[in-house]
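All values below were derived from every heavy atom in this structure, side-chain atoms included, with hydrogens, water molecules and symmetry-related copies excluded. All figures in this text were calculated on a predicted structure; none of them were measured in a lab.
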Amino acid sequence: MPDTWSTCYRIHADVYAVSDATVYKKAQQYTADSLARTLLADTASYALLYVYRPRSGVGSIVQYNLHVDDSMVCRVKFGTKCIVKLPRAGHVKVWARTEARDEVDIDVQPGHVYFPEVYCENGFARG
């Protein structure tokens with residue numbers, strides 16, 4: 001905390017260095033893969049799309065529909081999440097429109113789980 005001699009905060013820390021982080025990265029990847037395997041079996045004939053929009057200050061009142069190809073799959077609001085089952089493999093277009101249409105192409109593989117984060121950017125009249 002600041003004192004009478006200085007108005008600055010002081011940070012004390014122990015700093016450790018790792019010369020080879022590959023073991024740590026492999027363990028971290030294994031943990032992420034094992035968590036994804038609990039959501040969907042490798043032998044599943046479909047994929048899952050976990051869509052989430054975190055709470056942030058930008059565009060908090062803007063809502064929009066999220067589409068996969070030509071089908072509307074969920075309404076995206078501030079701080080929401082939804083799970084979409086993708087029954088077929090191959091390329092699909094995930095898109096939304098507020099002022100302009102924005103899309104991303106995903107190569108869907110059965111048994112995989114996808115986690116796109118959707119958000120709202122500042123626009124002229126709307127997000």
Side-chain angles (χ1 to χ4, degrees):
M1 296 290 291
D3 58 17
T4 56
W5 304 108
S6 174
T7 58
C8 299
Y9 283 89
R10 294 169 188 85
I11 299 173
H12 298 279
D14 294 326
V15 178
Y16 300 97
V18 177
S19 60
D20 184 19
T22 57
V23 175
Y24 173 73
K25 289 180 181 179
K26 285 181 184 178
Q28 189 178 24
Q29 182 63 39
Y30 176 77
T31 303
D33 288 344
S34 63
L35 287 173
R37 277 194 293 276
T38 62
L39 300 173
L40 185 64
D42 292 337
T43 58
S45 62
Y46 59 92
L48 291 178
L49 185 71
Y50 277 75
V51 179
Y52 66 98
R53 180 178 173 192
R55 294 183 178 272
S56 68
V58 178
S60 60
I61 60 172
V62 177
Q63 303 175 10
Y64 50 89
N65 296 329
L66 187 74
H67 298 80
V68 173
D69 288 333
D70 294 332
S71 302
M72 197 227 15
V73 293
C74 67
R75 180 86 174 153
V76 179
K77 301 177 184 176
F78 186 65
T80 60
K81 57 189 166 232
C82 66
I83 303 169
V84 179
K85 183 177 176 180
L86 302 171
R88 65 178 181 87
H91 290 277
V92 296
K93 290 193 185 305
V94 179
W95 62 276
R97 178 191 325 265
T98 53
E99 283 182 351
R101 179 177 164 151
D102 197 9
E103 66 182 41
V104 64
D105 188 39
I106 300 176
D107 185 17
V108 174
Q109 300 298 322
H112 286 74
V113 182
Y114 303 92
F115 298 92
E117 175 188 6
V118 296
Y119 56 92
C120 196
E121 295 178 340
N122 287 332
F124 178 69
R126 297 177 55 191

- Side-chain heavy atoms under 4.5 angstrom apart, residues restricted to Ile, Leu, Val, Met, Phe, Trp, Tyr: same cluster for Val73 and Val76? yes

- Task: Only pairs at least two apart or in different chains count here, so list each salt bridge (charged side-chain N to carboxylate O under 4.0 Å, His left out) that has a residue in residues 8-32.
- Result: Asp3-Arg10

- Considering only heavy atoms from C-beta outward, does the side chain of Tyr64 approach that of Arg97 to under 4.5 Å? no

- Partner residues of Asp105 under the side chain to side chain contact (heavy atoms under 4.5 Å, CB included) criterion, sequence neighbours left out: His91, Lys93

- Message: For a side chain to side chain contact (heavy atoms under 4.5 Å, CB included) check, start with the C-alpha distance between Tyr114 and Ile106, then their side-chain angles and the critical distance, and finish with the verdict.
- Response: CA-CA 9 Å; Tyr114 303 92; Ile106 300 176; 4.1 Å; yes

- Note on the structure: In this structure, CG of Asp107 is separated from NE2 of His112 (nearest 0.5 Å) by 9.5 Å

- Separation of Tyr46 OH from Lys85 NZ (nearest 0.5 Å): 5.0 Å

- Message: Among residues at least two apart in sequence or on other chains, which ones pass salt bridge (Lys or Arg N to Asp or Glu O under 4.0 Å) with Arg88?
- Response: Asp69

- Item | Test side chain to side chain contact (heavy atoms under 4.5 Å, CB included) applied to Val84 and Leu66, step by step | CA-CA 10 Å; Val84 179; Leu66 187 74; 5.6 Å; no

- Heavy-atom nearest pair, Ala44 first then Pro110, reads O-CB, 3.6 Å

- Stepwise side chain to side chain contact (heavy atoms under 4.5 Å, CB included) check, Ile11 with Tyr9: CA-CA 7 Å; Ile11 299 173; Tyr9 283 89; 5.6 Å; no

- Which pair of heavy atoms, one from Lys77 and one from Arg53, lies closest together, and at what distance? O-CD, 3.4 Å

- Say you draw a straight line from NZ of Lys81 to SG of Cys74; how long is it, rounded to the nearest 0.5 Å? 13.0 Å

- Message: Which residue in the set Val108, Val104, Asp102, Val51 passes side-chain contact (heavy atoms from CB on, under 4.5 Å) when paired with Val94?
- Response: Val104

- What distance separates Leu86 CG from Leu48 CG, expressed to the nearest 0.5 Å? 7.5 Å

- Could you pull out the closest heavy-atom pair between Thr80 and Arg75, with the gap in Å? OG1-O, 4.3 Å

- Could you go step by step and tell me if Phe115 and Val113 meet the side chain to side chain contact (heavy atoms under 4.5 Å, CB included) rule? CA-CA 7 Å; Phe115 298 92; Val113 182; 3.4 Å; yes

- Between SG of Cys82 and OH of Tyr50, what distance do you get to the nearest 0.5 Å? 11.0 Å

